[in-house]
Amino acid sequence: MLNNFWYAVEHSQALATKPKSVVLMDQEIVLYRQSSGEIIALENRCAHRGTALSGGWVEESCIRCPYHGWKYDYDGSCTEIPANQPGVSIAHRAKLRAYPIQEKYGLIWLYFGDLPAQDRPSLPPLPAFSNPNWRTVRGEFTWDGHYTRVIANTVDMAHAAFVHASAFGRKEKPRIQHYELEQEAWTARATIHFKTKPAHFLKLILGNSPPDGSITSSFFLPNITQVYHRFGNIEFILFLAHVPVSNEQTITKWLHLRNFVTHPLFDSFMKRDVAKTFVQDNSVVKLQPVGPVPKLRDELHVPSDALELAYRKLREQYQTTPIAGKS
Ligand code: FES
Ligand SMILES: [Fe+2]
């Protein structure tokens, strides 16, 4: 994982009153909502016997371990050991790592690093989320692959002709036009234009003479990719948070935002289309070697890989030189 970045790890609505664990590269973290509604994230191992606190319960700002009832406050410090006689002090080591949290776009973002608040990177923009003319649906998908392979797939410009041939990909038109990269500190994007071959639900909307389309793909370190589609006036966005579960597994918490047929009645069509697309993508991701993308020099690259390469280069750069504080 890259240090000093915000990771989107869960949908806000998935965390109600019960604590919930999320796994980031085999490390378990417990999320819980204080009675005020604010979310707390602590390492999910009781300092006593390693019990998962996600099996416990919330008491105001605190979480209590289900085994012997040790109570931990929002900063991870243990504030009560019920079996102790009065006056027995609590060891300083009875403290769990606490992670800064924020909620945005209906997602829970966890800060994995040690920089003070003012030095942390900002979250990606998503203006369509608060635009009343757009409708958002959300879901999740489990991949059989490392999150860097999943990210590489979702910003890959050349696979649709093959992987999505039975849907929107056109096997007879595999060439990718030269595209320009627009790159900033921890993001890059690229746009390609193409003749539309709408699939799934879009076919019903766009009919037999669809307008030309364009796709703008982007990534935002460490774990967000976004695909923006436009067909004439029809626009939709896939905003994807790829949760790095382990070397073999990634869970993508996704948002699909659209500016057409915004009635909730159509939500299930959108969800189905997203799921179908991910199933096709996963069919090739799971055929790749287990673990993270290798060093660039260990694979071959062609011009259409430019956006994916930008991701891999930036990732390598921040792996060797993590973001540093300004002060
Ligand atoms: S294991 Fe958590 S209180 Fe004993
Ligand atoms: Fe794909």
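As the structure lists them, so they are numbered: ligands from 1, and atoms in each ligand from 1. Scope of the values below: all heavy atoms of this structure, side chains included, with no hydrogens, waters or symmetry mates.
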query: Ring centroid separation for Tyr111 and Trp109, is it under 6.0 angstrom?
result: no

- request: Mind telling me whether Tyr7 and Phe112 have parallel, tilted or perpendicular rings, with 30° and 60° as the class edges?
  value: perpendicular

For Tyr74, ring pair (Phe, Tyr, Trp, His ring centres under 6.0 Å) partners two or more places apart: none

Stepwise ring-ring contact (aromatic ring centres under 6.0 Å, His included) test for Tyr318 and Phe5: CA-CA 10 Å; Tyr318 284 110; Phe5 280 99; 5.4 Å; yes

Show me the side-chain donor-acceptor pairs of residues 224-232 shorter than 3.5 Å, one per line, residues at least two apart or across chains.
unit_1 : atom_1 : unit_2 : atom_2 : d
Thr225 : OG1    : Thr154 : OG1    : 2.9
Thr225 : OG1    : His242 : NE2    : 2.8
Tyr228 : OH     : Arg230 : NE     : 3.2
Tyr228 : OH     : Arg230 : NH2    : 3.4
Tyr228 : OH     : Glu235 : OE1    : 2.6
Arg230 : NH1    : Gly232 : O      : 3.1

message: Under 2.8 Å from atom 4 (Fe) of ligand 1, which protein N, O or S atoms do you find? Ignore water molecules.
response: His48 ND1, His68 ND1

- prompt: Among the N, O or S atoms that Asp281 has, which is closest to the Fe ion (ligand 2)?
  reply: OD1

statement: To the Fe ion (ligand 2), the closest N, O or S atom belonging to His159 is NE2

Name each donor-acceptor pair under 3.5 Å that joins a side chain in residues 270-279 to protein atoms two or more places apart or in another chain, with its distance.
unit_1 : atom_1 : unit_2 : atom_2 : d
Asp273 : OD2    : Phe201 : N      : 3.0
Thr277 : OG1    : Asp273 : O      : 2.8

task: State plainly whether the residues Asp267 and Arg258 are in salt-bridge range, i.e. N to O under 4.0 Å.
output: yes

